[in-house]
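Right, one structure below, let's go through it.
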Amino acid sequence: MKVKFVLTMDDVVVNDEQIDQVILDWVSDIEQEEIMEVSHKWITTQNFLTNRMVGLSRVGESSLTIEPLDEETDAEY
């Protein structure tokens, strides 16, 4: 299934530079089980983002949105 991920991070520090907000979005083919796994890791793993992103040392607030894409929306990406 195709889904759109939107990661929003506020008050971040990347390579010792303070940034107010970073928004990343991407589309991916992913199975339902993998979505559940990512969601679970996001919620339960402390420092999930800083452990996965090179140069990222601090995140004040963050949110991850996962939206399924239908066939019409898929054509836009």
Side-chain angles (χ1 to χ4, degrees):
M1 103 194 270
K2 262 202 195 308
V3 295
K4 180 178 181 182
F5 292 88
V6 179
L7 171 60
T8 303
M9 299 179 288
D10 295 323
D11 189 23
V12 301
V13 176
V14 178
N15 293 329
D16 296 323
E17 184 176 335
Q18 178 76 31
I19 302 170
D20 292 335
Q21 185 176 63
V22 175
I23 299 173
L24 304 171
D25 68 83
W26 66 98
V27 174
S28 183
D29 277 321
I30 190 169
E31 297 297 322
Q32 182 70 29
E33 298 82 31
E34 292 175 288
I35 294 171
M36 298 305 292
E37 185 178 313
V38 168
S39 297
H40 178 74
K41 285 180 182 177
W42 175 267
I43 293 168
T44 61
T45 305
Q46 187 175 25
N47 300 325
F48 181 77
L49 294 172
T50 55
N51 288 336
R52 297 176 62 95
M53 295 185 175
V54 175
L56 181 66
S57 59
R58 175 178 156 36
V59 178
E61 295 286 326
S62 63
S63 67
L64 177 65
T65 304
I66 304 170
E67 301 175 7
L69 295 177
D70 58 302
E71 296 302 318
E72 290 178 21
T73 306
D74 188 32
E76 295 177 18
Y77 296 95

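All values derive from a computational prediction rather than experimental measurement.
- No single ILVMFWY cluster, assembled from side-chain heavy atoms under 4.5 Å apart, contains both Val6 and Val59.
- Note: Phe48 CZ to Ile43 CD1 = 10.5 Å, rounded to the nearest 0.5 Å.
- Heavy atoms from other residues, nucleotides or ligands lying under 6.0 Å from CD of Glu31 number 12 at most.
- Taking each heavy atom of Trp42 and Ser63 in turn, the nearest pair found is CZ2-C, 3.7 Å.
- The nearest pair of heavy atoms linking Ser39 to Ile66 is OG-CD1, 3.7 Å.
- The two atoms that bring Asn51 and Gln46 nearest to each other are ND2-O, 3.7 Å, heavy atoms only.
- In this structure, the separation between CG on Leu56 and OG1 on Thr50 is 6.0 Å, given to the nearest 0.5 Å.
- Counting only heavy atoms from C-beta outward, the side chains of Met53 and Leu7 approach each other to under 4.5 Å.
- In this structure, Val38 and Leu64 have side chains that are in contact, with non-hydrogen atoms separated by less than 4.5 Å.
- How far CG of Asp25 is from CZ of Phe5: 11.5 Å, rounded to the nearest 0.5 Å.
- Separation of atoms CE (Met9) and CG (Asp20) is listed at 13.0 Å; rounding is to 0.5 Å.
- What you find for Val3 and Pro68 is that their closest heavy atoms are CG1-CA, 3.9 Å.
- Residue Val22 is grouped with residue Trp26 when hydrophobic side chains (ILVMFWY) are merged at heavy-atom distances under 4.5 angstrom, including chains of intermediate members.
- No path of Ile, Leu, Val, Met, Phe, Trp and Tyr side chains, each step under 4.5 Å between heavy atoms, connects Leu24 with Val27, placing them in separate hydrophobic clusters.
- When side chains are defined from C-beta on, Asp11 does not count as touching Glu61, because their heavy atoms never get closer than 4.5 Å.
- Val13 approaches Asp16 most closely through the heavy-atom pair CG1-CA, 3.8 Å.
- Once rounded to the nearest 0.5 Å, the distance linking OG1 of Thr45 with NE2 of His40 reads 7.0 Å.
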